[in-house]
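As a basis for the values below, the full set of heavy atoms in this structure was taken, side chains included, without hydrogen atoms, waters or symmetry mates.
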Amino acid sequence: MIQLLVFLPIVTALIAGLGGRVIGATAAKGLTTAGLFVSAALAWVVFTQFWLSGAQGYTVHVLDWIQSGDLRVAWALKVDTLTAVMLVVITSVSALVHLYSWGYMAEDPSQGRFFAYLSLFTFAMLMLVTADNLVQMFFGWEGVGLASYLLIGFWYYKPSANAAAMKAFVVNRVGDFGFSLGIFATFLVFGTVSLDAILGNVGAHAGQTFSFLGGRADVMTTLCLLLFVGAMGKSAQLGLHTWLPDAMEGPTPVSALIHAATMVTAGVFMVCRLSPMFEASVTAQAVVTYVGAATALFAASVALVQTDIKRVIAYSTCSQLGYMFFAAGSGAYGAAMFHLFTHAFFKALLFLGAGSVIHAMHHEQDMRFYGALRKHIPITFAMMTIGTLALTGFFFTAGYYSKDAILEAAFANGSDHARFAFVIGAFVALLTSFYSWRLVFLTFYGEPRWAGSEHIQHAVHGDHGHDDHAHDTHAHDTHAHHAPATGTAGYHPHESPLSMLLPLFVLGLGALGAGWLWHESFVGAHEGGEFWRGSLAFREPLMEAMHHVPEWVVWTPSVAFFLGLIGAWYAYLRRPETPAAWARTFSWAYAFLTHKWYFDELYHFVFVRGAQALGGLFWVRGDQRTIDRFGPDGAATVVAAGAVALKRFQSGYVYSYALVMLVGLAASAAWFLRGGL
């Protein structure tokens, strides 16, 4: 069953990708979608076995893969509770995204290719989470990187999509380089890449040091930090985060699949999978906590001023990933996975809901040109409100349980870095509530502001083709209705088709009930240990202390929720002139946030321009003026100059040759006479 679950997506991807022109787009869509729903059903069966039946972890050997010296790598599928959780998340969201794409990509001419890429990505992610060893995990790690490059740049005729895909690929290569170094170093220390063998022998290497640059460095800290660099790249943590917002250039279903529930959570999964290693290094845990807290604050602050609906949700994803990492750094790996699990439901719901809004607004993504849409797309409005309630931690929604668990665990940990993360996390909860409700109010409330949108004007005037200015560019002739010009710009937003709405309903149920249903299993002091069964490091005392924190700690996230909601209501409904006034008054802060803390500008100056300057130095002064000048060009110049000099002796006149012969004869005679004397 597990082999069918894992390999079915790659089989359907190959058939749809290589034979799409033969079987047709409809067959390709149907095949890949059916394959994902079968995998999702099997994933829920596996998850239920661990959740209700108390199943023990097991490994399915597929084949012997690599044998080279002491390196032995088998291709095997490791199945335990941690794997089962990820299988449910990946296959469920992917299946719903496949179904959603039937409506969203209905008029795209390359549907077969798109669905093949989606299934290819799902297979790579499944290989990552079922990996029995670090090499196999790296295979899946690189596979999702390739698939994300293909999906982000799916509309390759758009320069912005090509640039975004390349940026994601390059930035992730930086993180992957650290991850690969961590794998090499782990093999050097443990003599194996098998996860069971490594995690079973962590205690034997805890506290060991090695000499480096005249000092001593801790072995486990070094290994964990190198591996964490890979997690930073894949999960868009501060410093290696710049690719994530630009990745919104891909189709909206891609955003939901990659940047909400699967690829960006790979780093969190990896840290939790290797949690016994991180438990052996307090320094590594502190670094993970500080990086996660800083990322949460950075992304939430930038989301405050974004106007693109998808970018707001993208920065929200980045911020929530920060929560997951500082939960792991605080030792609450179960809470980190719990938030990963619940986040998949409500963030995928928000992304797909945003796609429904964009669908209704003829590809317009700027929230400044929305307004009053709750009357026109009420189902989308209801589903996005549910997603927002869950994201902001409203009572008894999924986010309420998982986010509260993270903050309570960070406080209960008691260490300096965990308490720092608690303070930052509480403040970020307020920011999250503010920017999330800002999105809802700008999109669904107020007066219609559609007249300023170029996309709506194109729709009103009957231009339904590919729009060079559109972000999500796919021709939908049904987007504009040729009704009499009524209301703002004479345009009538319309609800999405059933294939797009049905996934919203399913995700909405998860966003409402997943936290209540599974919180005891994931983070319960006693139930949690029985649920995880050693698949990650579970600190039962920390989980017990988490449930006995002071009341003010328990109420902090809820207070933050209401403060953010009231602030957004006042700024965008009660006094809508307030944001512009704040932007003028605090222009320096507004510029700082709109430029995303100037990370892109800094990287452009240091790395892009720096690389160009360094390349120019080596090219002009090194290659041209030194190597070429004194090498091939210099030799050619000498030969050419010598040829010019010798040419003068090749006049063609007999007396010239006679003179040369006479001079040569005299020189020879003089040489021999001198030798004789």
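- In this structure, Thr12 and Leu31 approach most closely via the heavy-atom pair CG2-O, 3.7 Å.
- With sequence neighbours left out, Arg311 forms a salt bridge (charged side-chain N to carboxylate O under 4.0 Å, His left out) with Asp246.
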| message | I'd like to know whether Phe139 forms a ring pair (Phe, Tyr, Trp, His ring centres under 6.0 Å) with Trp75, so could you lay out the CA-CA distance, the side-chain angles of the two residues, the decisive distance to 0.1 Å, and finally the verdict. | response | CA-CA 11 Å; Phe139 170 81; Trp75 195 309; 5.2 Å; yes

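- Distance check, rounded to the nearest 0.5 Å: CE of Met166 to OH of Tyr149 gives 4.0 Å.
- To the nearest 0.5 Å, atoms CG (Leu512) and CD1 (Ile386) are separated by 4.5 Å.
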| said: Run Thr317 and His343 through side chain to side chain contact (heavy atoms under 4.5 Å, CB included) and show every step you take. | reply: CA-CA 9 Å; Thr317 298; His343 177 265; 4.1 Å; yes

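- Residues Thr432 and Lys403 meet the side-chain proximity criterion, which asks for heavy atoms closer than 4.5 Å.
- Two residues are said to be in side-chain contact when any heavy atoms from C-beta on lie closer than 4.5 Å; Phe444 and Tyr370 fail this criterion.
- Looking at every heavy atom in both residues, Cys272 comes nearest to Leu82 through C-CD2, 4.2 Å.
- Taking the six-membered ring where tryptophan is involved, the planes of Phe154 and Tyr117 are perpendicular, since the angle between them exceeds 60° and thus also 30°.
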| request: Tell me, with the steps shown, if Thr242 and Lys167 meet side-chain hydrogen bond (donor to acceptor under 3.5 Å, both in side chains). | output: CA-CA 8 Å; Thr242 53; Lys167 186 175 184 178; 4.5 Å; no

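- Smallest separation of non-hydrogen atoms from Ala296 and Ser319: O-OG, 3.0 Å.
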| Should Trp44 and Ser92 be marked as a side chain to side chain contact (heavy atoms under 4.5 Å, CB included) after you check the CA-CA gap, both sets of side-chain angles, and the distance that decides it? | CA-CA 9 Å; Trp44 279 101; Ser92 298; 2.8 Å; yes

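- Among all heavy-atom pairs drawn from Ala106 and Gln111, the shortest one is O-NE2, 3.1 Å.
- Interatomic distance, OG of Ser160 versus CD1 of Ile152, reported as 12.0 Å (0.5 Å rounding).
- The distance from atom OG1 of Thr252 to atom OH of Tyr100, rounded to the nearest 0.5 Å, is 6.0 Å.
- Lys78 pairs by the salt bridge (charged side-chain N to carboxylate O under 4.0 Å, His left out) definition with Asp196, not counting sequence neighbours.
- Atom OG1 of Thr32 is separated from atom CG of Leu8 by 10.5 Å, given to the nearest 0.5 angstrom.
- Across Phe341, Phe50, Phe338, a single residue satisfies ring pair (Phe, Tyr, Trp, His ring centres under 6.0 Å) together with Trp518, and that is Phe341.
- Considering OG of Ser94 and CE of Met125, their distance stands at 11.0 Å, rounded to 0.5 Å.
- Relative ring orientation between Tyr401 and His519 is described as parallel, the plane-to-plane angle staying below 30° on a 0-90° scale split at 30° and 60°.
- Across Ala511 and Ala390, no two heavy atoms sit closer than the pair O-CB, 3.6 Å.
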| query | Between Leu517 and Trp51, is a side chain to side chain contact (heavy atoms under 4.5 Å, CB included) present by the stated rule, with each step listed? | reply | CA-CA 11 Å; Leu517 186 59; Trp51 176 41; 4.3 Å; yes

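- By the 4.5 Å heavy-atom criterion applied to side chains, Phe381 and Leu373 are not counted as neighbours.
- Between Asp80 and Arg273 there is a salt bridge, since a side-chain N of the basic residue sits under 4.0 Å from a carboxylate O of the acidic one.
- Between Val357 and the options Met384, Glu364, Lys310, a side chain to side chain contact (heavy atoms under 4.5 Å, CB included) holds for only Met384.
- Centroid-to-centroid, the aromatic rings of Phe138 and Trp141 stay 6.0 Å apart or farther.
- Closest of all the heavy-atom pairs between Ser316 and Lys347 is OG-NZ, 3.0 Å.
- Aromatic ring pairs are classed by plane angle as parallel below 30°, tilted from 30° to 60° and perpendicular above 60°; the pair Trp437 and Phe561 is perpendicular.
- Residues passing the salt bridge (charged side-chain N to carboxylate O under 4.0 Å, His left out) test with Arg438: none are found, sequence neighbours excluded.
- Classification of the Trp450-His376 ring pair by plane angle, with boundaries at 30° and 60°, yields perpendicular.
- Taking the six-membered ring where the residue is Trp, Tyr104 and His359 present tilted rings, their angle falling between 30° and 60°.
- Ring geometry for His339 against Phe346 counts as tilted: the plane angle lies between 30° and 60°, on a 0 to 90° scale.
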| task | Given side chain to side chain contact (heavy atoms under 4.5 Å, CB included), test Leu77 with Gln136 step by step and report yes or no. | result | CA-CA 9 Å; Leu77 306 178; Gln136 187 178 333; 4.1 Å; yes

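- Remark: Lys234 does not engage Glu142 in a salt bridge, criterion side-chain N to carboxylate O under 4.0 Å.
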| task | Under the salt bridge (charged side-chain N to carboxylate O under 4.0 Å, His left out) rule, what do Asp108 and Arg113 come out as? Steps first, then yes or no, please. | result | CA-CA 10 Å; Asp108 195 280; Arg113 178 167 61 91; 5.7 Å; no

